[in-house]
Amino acid sequence: MADTKALPTRAQDFSAWYNELILRAELADYSPVRGCMVIRPNGYAIWEQMQAALDRMFKETGHQNAYFPLFIPQSFLAKEAEHVEGFAPETAVVTHGGGKELEEPLVVRPTSETIIYAMFSKWIQSYRDLPLLINQWCNVVRWELRTRLFLRTTEFLWQEGHTAHATEAEAEAETRQMLGVYRTFMEDYIAMPVVTGQKTDSERFAGALRTYACEGLMQDNKALQAGTSHNLGQNFARAFDVTFQTAEGGLDHVWSTSWGVSTRLVGGLIMTHGDDSGLVCPPRLAQYQVVIVPIYRSEEERGAVFESCAALRKELLANGIRTHFDQREGMKPGAKYYEWETRGVPLRLEIGPRDLASGSAMLARRTGGKESVSRTGIIARIRSDLEKMQSALFEAAKARREAASLRGPKSKQEFIDFIAADGGFVYAGFCGDPAVETEIKEQTKATIRVIPDAEFQTPDRPTTCIWTGKPAKYEVVWAKAY
RNA sequence: CGGGGUGUGGCGCAGUCCGGUAGCGCGCCUGCUUUGGGAGCAGGAGGUCCCGGGUUCGAAUCCCGGCGCCCCGACCA
């Protein structure tokens, strides 16, 4: 553990707080390779929990997992014009293999559309082969100029779904469905409220018809794009010649989609719930939901306490509660409390001689509060506390986001002032002119996060553009973003 | 790529101005005493001072040239 005892506070320096928290909680570490990170067991465990939940949701919606190669022939990337323009500058390219220069350089995948559609063109012949619903869990590489642990690393882990459909309507429905799956996951598991909606052209995925996204608001009031879902239209199908015979006997290009979330979500979890003591992990994604800390003086006490703790751990595990019994000796209970708090464990049970005598345990919540609870019925109590904490974290995050949202600024100046004062989301009318979008970004550093979906729109829709005063094409959400 | 900072035991740093052969805190190991909110004492292990040149009797320290990393911006999940 680090020598200094207190973490920098969020108010002092959010960025330093974030980096230091990750190192102290041993979620990740800097690697010998610039821009890359090592995900340590405590951080990887969170990712594994995320994967398990998402994977189940993907399968419930009919998708199958597959795996495509890390290397993509460089020429593949060039087949879709917008795509190559968007990704070529940030690819890593392998030029040598086995000591010889390769005839054609291989790109380390920044995303797998190209190689996947090359394969889809072989697999799809008929409308009977559709829809084709594929997902893969893998790593990708994007040569980013500036990196941050979990939020933007040169190599990152993610899942990318790729589907092919017979009609435009089906592709659009799939794109929307997966955006919804992401939203459900972010709300129900990460306890991170998000605003969903469509991206403007400037933030649309390279090669997509339309891009939809989930946008979270972090504690420093900066937005985090947490997941995207793209309707690719027939763009990639045309580039890779993915055609199928229709029921009527004609030939058509498939309509496809792609969607992804990454290890960035771990960063979103940290910045949504972490406090000045360290990580606060939502119970449903915690590696350990409960940690048991034994307290004793003599050898006799130690024996009895350990026996009791071990039995309790077994009981909790048997009831599906992820539990760790901290058996380390020579470390005082207080030191263990601080450590598990830094790591974000939701509940802590302290068991000592007094508790054995009274048939109880001290139950401490990561979000505050500590009391003695009877061993009888402790399972139900813990289950209930975990559920309450899960929903309380979501409600608190949602309240924080709403408090940091400004709907319908009365003037351009109010908009500017709000963003400059570290405001959060601003809902305002926009004329739709890309040049205005660019100008606002240059002057305020805020960007359009999304054109919000109906449920997020302001009931009293703005009619004029906040910047130009011209008629508003639609309401958009502005914020500074990661 | 621009601006700023920084490279010295595992980690955090002092020492650099003014050259004399490396020190502090934490961590680690051993032992004893401890254990209900970050334990104490005693003993101990561990360093090519980022790299390469140069000056000098002598360089962590001065000179020249590289490199790494972090932070802030432009690009992005």
Side-chain angles (χ1 to χ4, degrees), chain A residues 1-8 13-16 18-20 23-24 26 29-36 85-91 110-111 139-160 182 199 202-206 211 213-216 223-230 258-268 277-278 293-299 301-302 305 326 328-342 348-358 360-362 364 370 372 441-442 445 447 480-482:
Chain A
M1 291 294 286
D3 53 334
T4 43
K5 295 196 171 177
L7 212 53
D13 187 340
F14 195 82
S15 186
Y18 176 81
N19 289 327
E20 191 69 20
L23 298 175
R24 295 251 199 116
E26 298 182 350
D29 203 351
Y30 295 102
S31 84
V33 181
R34 187 198 128 75
C36 294
E85 196 186 323
F87 282 105
E90 57 182 61
T91 53
T111 178
N139 59 338
V140 289
V141 167
R142 298 181 188 178
W143 217 258
E144 300 289 354
L145 298 174
R146 219 185 122 208
T147 59
R148 295 202 62 193
L149 294 172
F150 287 113
L151 300 178
R152 188 172 298 100
T153 46
T154 300
E155 178 190 9
F156 57 94
L157 305 184
W158 78 345
Q159 60 69 215
E160 46 180 326
Y182 286 157
K199 288 286 187 182
S202 68
E203 300 227 353
R204 187 169 44 79
F205 176 75
T211 287
C214 295
E215 293 280 332
L224 184 74
Q225 179 171 303
T228 47
S229 185
H230 316 290
S258 69
W259 27 275
V261 295
S262 71
T263 35
R264 165 179 270 194
L265 289 176
V266 178
S277 302
V293 177
I295 297 161
Y296 52 88
R297 291 171 189 274
S298 63
E299 271 304 302
E301 282 182 355
R302 181 186 168 282
V305 166
D326 189 347
R328 288 173 296 179
E329 302 199 38
M331 192 173 178
K332 296 183 78 170
K336 292 181 180 177
Y337 301 165
Y338 278 98
E339 187 179 294
W340 292 114
E341 277 166 13
T342 304
R348 180 179 73 233
L349 286 170
E350 306 164 11
I351 295 183
R354 296 207 290 264
D355 306 290
L356 290 195
S358 62
S360 59
M362 286 302 291
K370 175 165 158 175
S372 181
K441 183 179 179 181
E442 281 168 0
K445 291 180 183 165
T447 51
K480 286 187 197 166
Y482 273 99

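Just so it is clear, the structure is predicted and the values come from calculations on it, not from any experiment. Residue numbering restarts at 1 for every chain, and letters A, B, ... go by the order of the sequence lines.
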List the atom of A/Arg204, the atom of A/Lys199, and the distance in Å for their closest heavy-atom pair.
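Looking at all heavy atoms of both residues, the closest pair is N-CB, 4.4 Å.
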Which heavy-atom pair separates A/Glu350 from A/Asp355 by the least distance, and what is that distance?
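The answer is O-OD2, 3.6 Å.
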Taking any heavy-atom pair under 4.0 Å as a contact, classify [X]: base, sugar-phosphate, or nothing.
X: A/Thr153; value: base
X: A/Glu301; value: nothing
X: A/Thr111; value: nothing
X: A/Arg348; value: base
X: A/Tyr30; value: sugar-phosphate
X: A/Glu144; value: base
X: A/Leu151; value: base
X: A/Lys370; value: base

Considering residues at least two apart in sequence or located in another chain, which fulfil the side chain to side chain donor-acceptor pair (under 3.5 Å) criterion with A/Asn139?
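Residues passing side chain to side chain donor-acceptor pair (under 3.5 Å) with A/Asn139: A/Arg109, A/Glu155.
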Let me spell it out: for each of A/Gly35 and A/Thr263, pick the nucleotide of RNA chain B with the closest heavy atom. Which residue's pick is nearer the 5' end?
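Taking each residue's closest nucleotide, the earlier one in sequence belongs to A/Gly35.
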Distances under 3.5 Å only, N/O to N/O: pair up the protein atoms with those of nucleotides 45-47 of chain B.
none

Side chain to side chain, [X] and [Y], heavy atoms closer than 4.5 Å:
X: A/Pro333; Y: A/Arg348; answer: no
X: A/Thr91; Y: A/Trp143; answer: no
X: A/Thr111; Y: A/Glu160; answer: yes

For the residue pair A/Tyr182 and A/Trp259, does the interplanar ring angle fall in the parallel (under 30°), tilted (30 to 60°) or perpendicular (over 60°) class?
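Ring orientation of A/Tyr182 relative to A/Trp259: perpendicular.
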Atom-pair distance (OH on A/Tyr338; C1' on B/C26), nearest Å
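Checked: the OH to C1' distance equals 17 Å.
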Interface polar pairs with nucleotides 33-36 of chain B, N/O, under 3.5 angstrom:
residue	atom	partner	partner atom	Å
B/U35	OP1	A/Arg297	NH1	2.4
B/U35	O2'	A/Tyr296	O	3.2
B/G36	OP1	A/Lys332	NZ	3.4
B/G36	N7	A/Arg354	NH1	3.4
B/G36	O6	A/Pro353	N	3.1
B/G36	O6	A/Arg354	N	2.6
B/G36	N1	A/Asp355	OD2	2.6
B/G36	N2	A/Asp355	OD2	3.0

Looking at A/Lys445, I'd like to know if its NZ atom is crowded, meaning that more than 12 non-hydrogen atoms belonging to other residues, nucleotides or ligands lie closer than 6.0 Å.
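No, because the 6.0 Å sphere around NZ of A/Lys445 holds 12 heavy atoms or fewer from other groups.
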